[in-house]
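Each chain gets a letter, A, B and so on, in the order its sequence line appears, and its residues count up from 1. Hydrogens, waters and symmetry mates play no part in the numbers below; they use all other heavy atoms, side chains included.
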There are 2 protein chains.
Amino acid sequence: MAQVKPMRADARRNRERLLRAAAGVFAEHGAGASLDDIARRAEVGTGTLYRHFPTRQALLEAVYLESVEAIAARADTIAAARPPGAALVVWLGELAVGMLQVRGLKALLGTAVTGAEAVAGRADGADRADRADRACGDCVRGAAERLVRAAQEAGAVRGDVAPIDVLRLVHGVVTACESAGETDGTAVRRYLSLLMEGLTRA
Amino acid sequence: MAQVKPMRADARRNRERLLRAAAGVFAEHGAGASLDDIARRAEVGTGTLYRHFPTRQALLEAVYLESVEAIAARADTIAAARPPGAALVVWLGELAVGMLQVRGLKALLGTAVTGAEAVAGRADGADRADRADRACGDCVRGAAERLVRAAQEAGAVRGDVAPIDVLRLVHGVVTACESAGETDGTAVRRYLSLLMEGLTRA
DNA sequence: ACCTGAACACCGTTCAAGT
DNA sequence: ACCTGAACACCGTTCAAGT
């Protein structure tokens, strides 16, 4: 489907510039970075940014779509080589590390997966964002569903948890690591294993 | 210790007005509410707000100090009536519900307990806030330490987790509930029990 | 059809002037 | 000693004017 109407050459060029600029600025200043900054770095009027990406969420979505798809694709690769329970653990670990290290990815998936708490405050354009910009969330949710269901059927995960619960808890674990200042993979993997094995009884 | 120098009458009155106004505004608009709003509602100049509470964190701390102390005090009450493992679970549940329902409390404890991720963005006055405004964090951390240690000695909780880990994970669980739009106690208790019992094996 | 950038409304923070 | 509020720097968002 991609593009129903081909874009005008300058529009297409501006979109590209905006994506490149946004990737850089998000990487430097996080998902809450100034949109003005992005437009300036892209050498584009602020109005142009809003024309292409009506919400911050839409911009995040476009910037990180490929990364998210890659993570989702990993789910199947991992599942093919491991028993269901182990596959889930490994994939969740990769997902969590990604959210922790790629600035903006956590904010994007926080909204996309759970449906709230975008970046900072405003719920202005949230209505519009809700509809179209779900591609990333669908992607991750789909992968999580396949892995969790398989693990449940294999008896490796209890049956009364939904895949969305697991994603939310992983999001929470990543939040915990972030606030601990631990952005390397070791801390998040440790918290994840606590989540999986459980606090009670070693 | 309270007040080394007694405040001037008008200063004391303004402080009181600010606290009352802040409690109302935080309850209505969350911990990220406009400080201008608070000063306006208190019928006080904005500069006065900054004189009394140099950072948002300091204001949150002052507003919620009593609530936090009450929660911490509950820890001992609960511990006196229950075996260590159960006491920890019950107290964490109360803590989580408090963070979920009292707007601002989660933001306050997020910073106080973990040392990061204040409310939204700016790390401006964070340096100053780090030092003095730790009362709430100390309070909660102290209570958590007593309960976790006791539970560990009783063999109810594995020995390789630190109390701070538990607090961070609870913070994460509350975040998960928030983003799920579940603000009543049931969801958070369910996630908490998942955390405690573990995902693997029913 | 798309772009531009000034204009608007809002925010946090500081500070000279007042009592 | 404390308070006030204007001033400053910043931000997101919109929109009339341009091509």
Side-chain angles (χ1 to χ4, degrees), chain A residues 3-19 21-22 25-26 28-60 104 107 111 118-129 133, chain B residues 3-19 21-22 25-26 28-60 104 107 111 118-129 133:
Chain A
Q3 220 71 29
V4 175
K5 277 254 188 177
M7 293 172 94
R8 230 168 63 175
D10 56 347
R12 165 133 200 82
R13 206 200 38 145
N14 279 338
R15 211 189 110 96
E16 226 54 60
R17 295 174 70 92
L18 279 166
L19 284 178
V25 174
F26 284 149
E28 281 171 36
H29 301 103
S34 159
L35 297 181
D36 249 36
D37 241 43
I38 293 171
R40 211 175 304 127
R41 170 132 26 153
E43 294 177 299
V44 154
T46 52
T48 302
L49 190 155
Y50 280 91
R51 160 169 284 268
H52 284 284
F53 308 101
T55 67
R56 166 177 247 113
Q57 187 64 19
L59 182 54
L60 281 169
T111 327
V119 168
R122 296 298 134 77
D124 292 342
D127 317 328
R128 268 167 296 162
D133 310 319
Chain B
Q3 221 68 31
V4 175
K5 276 252 182 175
M7 293 173 94
R8 227 169 64 175
D10 56 345
R12 166 135 200 79
R13 206 198 38 141
N14 279 338
R15 210 189 111 96
E16 225 54 60
R17 295 175 70 93
L18 279 167
L19 283 178
V25 174
F26 284 148
E28 282 170 35
H29 301 104
S34 158
L35 296 180
D36 248 36
D37 242 42
I38 293 172
R40 212 175 304 128
R41 169 131 28 152
E43 295 176 297
V44 155
T46 52
T48 303
L49 191 155
Y50 280 90
R51 160 167 284 267
H52 284 283
F53 307 102
T55 66
R56 168 179 245 110
Q57 186 64 20
L59 183 54
L60 280 169
T111 326
V119 168
R122 297 294 135 75
D124 292 344
D127 317 329
R128 267 169 295 161
D133 311 319

Review point. Considering residues at least two apart in sequence or located in another chain, which fulfil the side-chain hydrogen bond (donor to acceptor under 3.5 Å, both in side chains) criterion with B:Asp36?
Key: none
Point to revise | For A:Glu28, all residues meeting side chain to side chain contact (heavy atoms under 4.5 Å, CB included), sequence neighbours excluded | key: A:Arg41
Review point. B:Tyr50 has a side chain; which of C:dT14, D:dC2, D:dT13 sits nearest to it?
Key: C:dT14
Check your understanding: Which heavy atom in B:Leu18 sits nearest to a heavy atom in B:Ala39, and how many Å separate them?
Key -> CD2-CA, 4.4 Å
Practice item. Using whole Å, report how far CE of B:Met7 lies from C1' of D:dC3. Key: 12 Å
Practice item. Would you kindly give the CG-to-P distance between B:Asp36 and C:dT14, to the nearest whole Å? Key: 14 Å
Revision key, fill the gap. Closest heavy-atom pair, A:Ser34 versus A:Val25, reported as atoms and distance to 0.1 Å, is O-CG1, 4.5 Å
Study note, to complete from the structure: Across all chains, not counting sequence neighbours, the side chain to side chain contact (heavy atoms under 4.5 Å, CB included) partners of A:Arg13 are A:Arg17
Point to revise | Phosphate OP1/OP2 of D:dG12 contacted by A:Ser34 side-chain N/O (<4.0 Å) | key: yes
Check your understanding: Taking only N and O in the side chain of A:His52, is any of them less than 4.0 Å away from OP1 or OP2 of C:dC3?
Key -> yes
Exercise for review: Find which nucleotide of DNA chain D each of B:Arg51 and A:Arg40 is nearest to by heavy atoms, and output the residue with the more 5' nucleotide.
Suggested key: B:Arg51
Output one line per pair: protein atom, nucleotide atom from nucleotides 4-7 of chain C, and distance, for all N/O pairs under 3.5 Å.
{"from": "C:dT4", "atom 1": "OP2", "to": "A:Gly45", "atom 2": "N", "distance (Å)": "3.0"}
{"from": "C:dT4", "atom 1": "OP2", "to": "A:Thr48", "atom 2": "OG1", "distance (Å)": "2.9"}
{"from": "C:dG5", "atom 1": "O6", "to": "A:Gly47", "atom 2": "N", "distance (Å)": "3.3"}

Revision key, fill the gap. B:Leu49 CG to C:dC11 P, in whole Å, measures 14 Å
Point to revise | Length of the CD1-C1' vector between A:Ile38 and D:dC11, whole Å | key: 13 Å
Point to revise | Gap between atom CE of B:Met7 and atom CD of B:Glu16 - 0.5 Å precision | key: 9.0 Å
Exercise for review: Starting at atom CG of B:Leu18, determine the distance to atom P of D:dC3, rounded to an integer number of angstrom.
Suggested key: 9 Å
Exercise for review: Send over the distance from B:Asp37 CG to C:dA9 C1', rounded to a whole Å.
Suggested key: 14 Å
Provide a list of protein-nucleic acid N or O atom pairs under 3.5 angstrom, restricted to nucleotides 17-19 of chain D.
none

Review point. Closest approach of A:Ala31 and A:Leu60, non-hydrogen atoms and distance?
Key: CB-CD2, 4.1 Å
Exercise for review: Please report, rounded to the nearest Å, how far the P atom of C:dC3 is from the CD atom of A:Glu16.
Suggested key: 13 Å
Point to revise | Atom pair distance, as rounded to whole Å: CG in B:Leu35 and P in C:dT13 | key: 6 Å
Review point. By side-chain hydrogen bond (donor to acceptor under 3.5 Å, both in side chains), which residues pair with A:Arg40, not counting sequence neighbours?
Key: A:Asp37
Practice item. Whenever both distances are under 3.5 Å in a Watson-Crick or G-U wobble pair, mark it; put DNA chain C into dot-bracket that way, with [ ] for crossing pairs and | when the partner is on another strand. Key: ||.|||||...|||||.||
**Study point:** Criterion side chain to side chain contact (heavy atoms under 4.5 Å, CB included) on B:Ile38 and B:Leu59, from CA distance to verdict
**Key:** CA-CA 11 Å; B:Ile38 293 172; B:Leu59 183 54; 4.0 Å; yes
Sequence neighbours left out, cut at 3.5 Å: what donor-acceptor pairs do the side chains of residues 45-54 of chain B make with other protein atoms?
none

